[in-house]
2 protein chains.
Amino acid sequence: MTITPTGEGLRRALDGPFHTQKQRWRDEVGADDVVRATDLSMEEAREWALDKLTVLARRNFVTAGFPAAQGGTGNAAESVANFEMLAMGDLSLVIKSGVQHGLFGGAITNLGTQWHHETFLPGAIDASLPGCFAMTELGHGSDVQSIETSITWDPDAGEFVVHSPTPTAAKAYIGNAASHGRMAAVFGQLWVAGEHHGVHVALVPIRDEQGKAMPGVTIGDHGHKGGLLGVDNGTLSFEHVRVPREMLLDRYGGVDEDGTYHSAIESKNARFFTMLGTLVRGRICVGGGAASAARKALSIAVQHANRRRQFRQPGLGEEIPLMDYLQHQRRLLPHVARAYAYGFAQNEIALQLQRIMDDQGRDAQAARELETRAAGMKSVLTRWANDTLQECRESCGGAGYMSDNGITMARQDADIFATFEGDNTVLLQLVAKALLLDYKSTWGDMDLAGTAQKTAKLLGSRFLERTTARSAIDRLVATAKRKSESEQLRARGWHVEMFEYRERHVVEGLAQRMRAAAREKSFDAINACQPHMIEAAKAHVDRVVLEAFVEGIDECSDDYVKALLIKVCDLYALATIEANRAWFLEHEAFDARRSKAITSAVDALCGELRPQSLALAEGLGVPQEWLVHPRRAVPPIIESAEPVSDERELRRVS
Amino acid sequence: MTITPTGEGLRRALDGPFHTQKQRWRDEVGADDVVRATDLSMEEAREWALDKLTVLARRNFVTAGFPAAQGGTGNAAESVANFEMLAMGDLSLVIKSGVQHGLFGGAITNLGTQWHHETFLPGAIDASLPGCFAMTELGHGSDVQSIETSITWDPDAGEFVVHSPTPTAAKAYIGNAASHGRMAAVFGQLWVAGEHHGVHVALVPIRDEQGKAMPGVTIGDHGHKGGLLGVDNGTLSFEHVRVPREMLLDRYGGVDEDGTYHSAIESKNARFFTMLGTLVRGRICVGGGAASAARKALSIAVQHANRRRQFRQPGLGEEIPLMDYLQHQRRLLPHVARAYAYGFAQNEIALQLQRIMDDQGRDAQAARELETRAAGMKSVLTRWANDTLQECRESCGGAGYMSDNGITMARQDADIFATFEGDNTVLLQLVAKALLLDYKSTWGDMDLAGTAQKTAKLLGSRFLERTTARSAIDRLVATAKRKSESEQLRARGWHVEMFEYRERHVVEGLAQRMRAAAREKSFDAINACQPHMIEAAKAHVDRVVLEAFVEGIDECSDDYVKALLIKVCDLYALATIEANRAWFLEHEAFDARRSKAITSAVDALCGELRPQSLALAEGLGVPQEWLVHPRRAVPPIIESAEPVSDERELRRVS
């Protein structure tokens, strides 16, 4: 399948450092390898996912993140890029891989030590040892620190005893549990000689070679879900299940042969967050995977809108393609622009992840920044993906509702991305807390009454520190200030200023409110700040994404493509400002007249980009042949009419 | 299942004139009758829907809308209420009934004459004659007037010839076509003796008694869809299929035995819109059905949020119920308020429909107003329902994604409600056109330069004429004007003023732009007004809904419930103003300070209503036992552990 030179150029720019790797998927992976038929039963879908996963692992498409000693490249950024590509094929398949390679394999890689790597990673990689990541419990989803499962050291037997003390301690929604899993990485509270050491992870065999549950292990099946039918989510409960001492993943804490607990990290709390920190890749993958599904839906919807005609121009014969209608452009093109913005931001965070991994956690501040960004991007991208998939479905009309069209299944699968790997609402509050911490480390406990004067100092501090393209952005902001008001609407520097103003102002206001609330020491006072926290987190992510887009444009060497991307970035920036214009008006960042001018500018940009809509869709990088989801039973016509051959046929009237 | 007195009182108020009828459903219809198991295959779901439909028809739950002569009550409002109740059970089932009774049966009732009623309605009602409503074509969905199917009079044979001249003429997405339909009401262009008379409808047998396609009829199966698996949507094509003269539904136009076309309506265009006008009940049902699904999801989500606890208050032991978090209240309670608002508005439009039916179309203006309102409400309610279902799913976390939880299936089924019975975007433009017409009939072709002075006159005119509770609202507006600024936020009169100001201002602005665009005579100029048209339609629906809420409160005789509903209406009104505050700020309806005060007022109302959240959910009227969607295979535990009984059990450590 050839694409236009513009589409190809856009694709290169958006793939960025991962172009070669992503192109390998497009060249070598066919629809048969990754596209699920639309009418598989749950059981069939589960078998399909395991089967395809095994093949992809054998073909070395999903192993990048593992240590070199086990045949991987050890490159976490590449594993994110692989995840994004596979997500364009099928989300059940990518989540099956995410469970097997990312979570189960990742827990062994990141929380285990050499013996665990050598013993279990080969099977984790080639999926001959299907594994579970048993963290979430029925009673505690988001609040991992409160899980009830216990891992208790039995000094007499020299074993750990894994136990679910209550019904709510059952591990829930666990992928690979219901059908395929043989082993689980089980999160539980570690007790050694009556002392509590916080959450640790033990590997526990859950099924024998015949697929029968191991003694003491009770396995449940969540059955049918709102999507991801190919992933066999289930429950796991443990009734005093014993595992040898070696089965504890002991990189951050373990028990010696003589029964002494040891850990390089003193504080229980710090240990917990260090261990959870290793999950950051999963969050980055989930955000990127959701964005891939949105890109696929946008590709389908933009092609449909260019093909489908409906209603005539008054007085003219020709029916009008949907893409010509302003309202239809409004439905799709800002989402296309956003897909580019998030794509560039995804590339950046993947590279950032790799830097942290290479650094082996020496720069704690950088690691914390990555966690904050991953949490924020995961929330914002998965929310956007769900909205976009729905908009694309509806903009394809009835055709969009037919499963063969490819959107509905992705929509159903992506739904849960808003919840798993951290509930979006919880994650955005984590982001806000980190922003407040940065803010506080800059401002200390100064009285914030006269913030206006102090604000000027902020730009030199860690808070609001630009993450990329620093000098380029400074130049843009300086240039924008010299422009006339009407020119500013398309001046990147003005966009950056608005994004920064919003983030700064929202965080400052939040800091003041939180300080007052802390003095009150009441739940109500802090609770009242919750929506403000979420607003702060979103403003932060918007700003970081805009910077990544600027950086991405800066690195594009094709002038034609670059000029196009500048317009796309204009649309991203202005549509984001437009969506938040109530806030800007409330805070007098601009007046009513300019607010209306922004809406007009978004309309105008939609019209300007409309002729390039197909190329822009190509640039999103989804292989054309992956866009259609076939049914197993191919023929759409189930009952063929017999030819009308009686004598009346001869008297045809029309 | 007993409910609280407050819940019961709210239920009575919201059921309004349909309380007895709706209560009969709650008392007599069990979950087994209307709740679908979550894991049925497409084939099983289709058979389930037909089976349950037949039983409900026999028990006289879905026949209200048919003529008394055929055993119905002839009461269209009751048929809407039945639709709403059934939609709380299962959307596949209600759409199957909608296709069979509402569309197929409705076409015969409304477009046919006595012979059609006597011959076909008994089978349409008891579902022994499963029928299709074959309007939409592959090439033309929203643009019905451009359909290609022809119905041509053959004078020699005295028959009509139904024909699909091109592949795009195939009837598409037709419910009952793929599996069960025996007959179809086929929309086509009528040709008699070379003269074109516009779109008419003929009854065409499509399958014989053995279920085999009739000669000349080609039937396709759309297969798996994004939802509504219980509805067998398919395609129908006709190869010169002949039907007797009597099979044309000839209430608004037919052919005499001598081959002469006759119609009481002169203009082809007027005839088309009169025939399509009879579809208005379908739109009203679809809006109400989507709202029912949203009510069900809200019932589930509010109960979950009261039950589920997560995270502790710092320093306190007790975990906090989700419903206590402001952000969670923000996610659910404004939707609950909206469910009440739309419920009252739905009651009103159902009664309005009944008045039009009783009036037999004599008041053309009233009929047109009903069509406008139905189009607007359908769009706004289905959009809201989709958003609400998604919010409810996410607010239940991982549990919300399990199909047994009851939300995901409704979410998938409701998706297409945004598209069928009129695409939402197209319908909102119809509404805007009607508003412009009303506006023009008030203002004529006057120069609009000095609108400000003229605006005052508008309130006495048809444009913006209040539809209900006229004097009560006038009183409220007058009272609000005397209140202090801070009191106004909870003054209904101020809400009404804001809603009216927005509608009036948006429509006035649109009228000016459209007039200028008409002068330019270019597609681009009119196209540029599209988002403005949609804004006008939404503003109109918001205002009409608020008035209906006021009316509903006015009619409530229980003082405690009334006081609660006043708060719920405050939340509906303020949340709507808040959502549109960018517009209000741009048009200087209020300033930045008040805008922020509105957000605080919404927060406060959420807190005030939180203690009543369970009762408010009960008031939505969904039977408790319909909330859970069981799997066929009941036991959640598929693999039971063997008891751990070896000697180590004796050495339990935890």
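The sequence lines fix the lettering, A, B, ..., with proteins before strands; numbering per chain opens at 1.
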Tell me the closest heavy-atom pair linking A:Leu326 and B:Asn527, and the distance in Å.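 Of all heavy-atom pairs spanning A:Leu326 and B:Asn527, the closest is N-OD1, 3.0 Å.
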Look only at the side chain of A:Asp39 and the backbone of B:His224, and say whether a donor-acceptor pair between them is shorter than 3.5 Å.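 Judged by distance alone, no pair lies under 3.5 Å.
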Any side-chain heavy atom of [X] within less than 4.5 Å of one from [Y]?
X: B:Ile320; Y: A:Phe523; result: yes
X: A:Gln329; Y: B:Gln530; result: no
X: A:Met533; Y: B:Gln327; result: no
X: A:Asn233; Y: B:Tyr401; result: no
X: B:Lys225; Y: A:Thr38; result: no

Let's test your reading of the structure: which of [options] forms the most heavy-atom pairs below 4.5 Å with chain A?
options: B:Cys606, B:Ala528, B:Ala592, B:Ala582; result: B:Ala582
options: B:Gln412, B:Gln429, B:His328, B:Met42; result: B:Gln412
options: B:Asp404, B:Asp324, B:Asn386; result: B:Asp324
options: B:Arg411, B:Arg331, B:Gln145; result: B:Arg411
options: B:Gly139, B:Gly607, B:Ser237, B:Ala418; result: B:Gly139
options: B:Leu585, B:Ile416, B:Asp387; result: B:Ile416

Considering only heavy atoms and a distance below 4.5 Å, find which of A:Arg594, A:Arg383, A:Met409, A:Arg309 pairs most often with chain B. A:Arg383
I'd like to verify something: which residue of A:Ile407, A:Asn580, A:Thr408 has the highest number of heavy-atom pairs under 4.5 Å with chain B?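 Option with the top pair count is A:Thr408.
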Report the C-alpha separation of B:Glu586 and A:Arg581 in whole Å, then their side-chain angles, then the decisive distance to 0.1 Å, and conclude whether the salt bridge (Lys or Arg N to Asp or Glu O under 4.0 Å) test is met. CA-CA 9 Å; B:Glu586 282 175 349; A:Arg581 70 193 194 284; 2.8 Å; yes
So for [X], is it side chain, backbone, both, or neither that comes closer than 4.5 Å to the heavy atoms of chain B?
X: A:Phe420; value: neither
X: A:Met402; value: both
X: A:Leu138; value: backbone
X: A:Ala399; value: both
X: A:Ser146; value: side chain

Should A:Thr425 and B:Tyr325 be marked as a side chain to side chain contact (heavy atoms under 4.5 Å, CB included) after you check the CA-CA gap, both sets of side-chain angles, and the distance that decides it? CA-CA 11 Å; A:Thr425 304; B:Tyr325 291 105; over 6 Å; no
Under 4.5 Å to a heavy atom of chain A? For B:Arg308 that would be side chain
Less than 4.5 Å to any heavy atom of chain A: does that hold for the side chain of B:Asp423, its backbone, both, or neither?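 Contact with chain A involves the side chain of B:Asp423 alone.
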Say you draw a straight line from [atom1] of [X] to [atom2] of [Y]; how long is it, rounded to the nearest 0.5 Å?
X: A:Glu394; Y: B:Phe417; atom1: CD; atom2: CZ; result: 13.0 Å
X: B:His140; Y: A:Phe311; atom1: NE2; atom2: CZ; result: 9.0 Å
X: A:Asp591; Y: B:Glu588; atom1: CG; atom2: CD; result: 9.0 Å

For A:Arg393, all residues meeting side chain to side chain donor-acceptor pair (under 3.5 Å), sequence neighbours excluded: B:Asp415, B:Thr419
Output all residues satisfying side chain to side chain donor-acceptor pair (under 3.5 Å) with A:Trp191, sequence neighbours left out; order by chain, then residue number. none
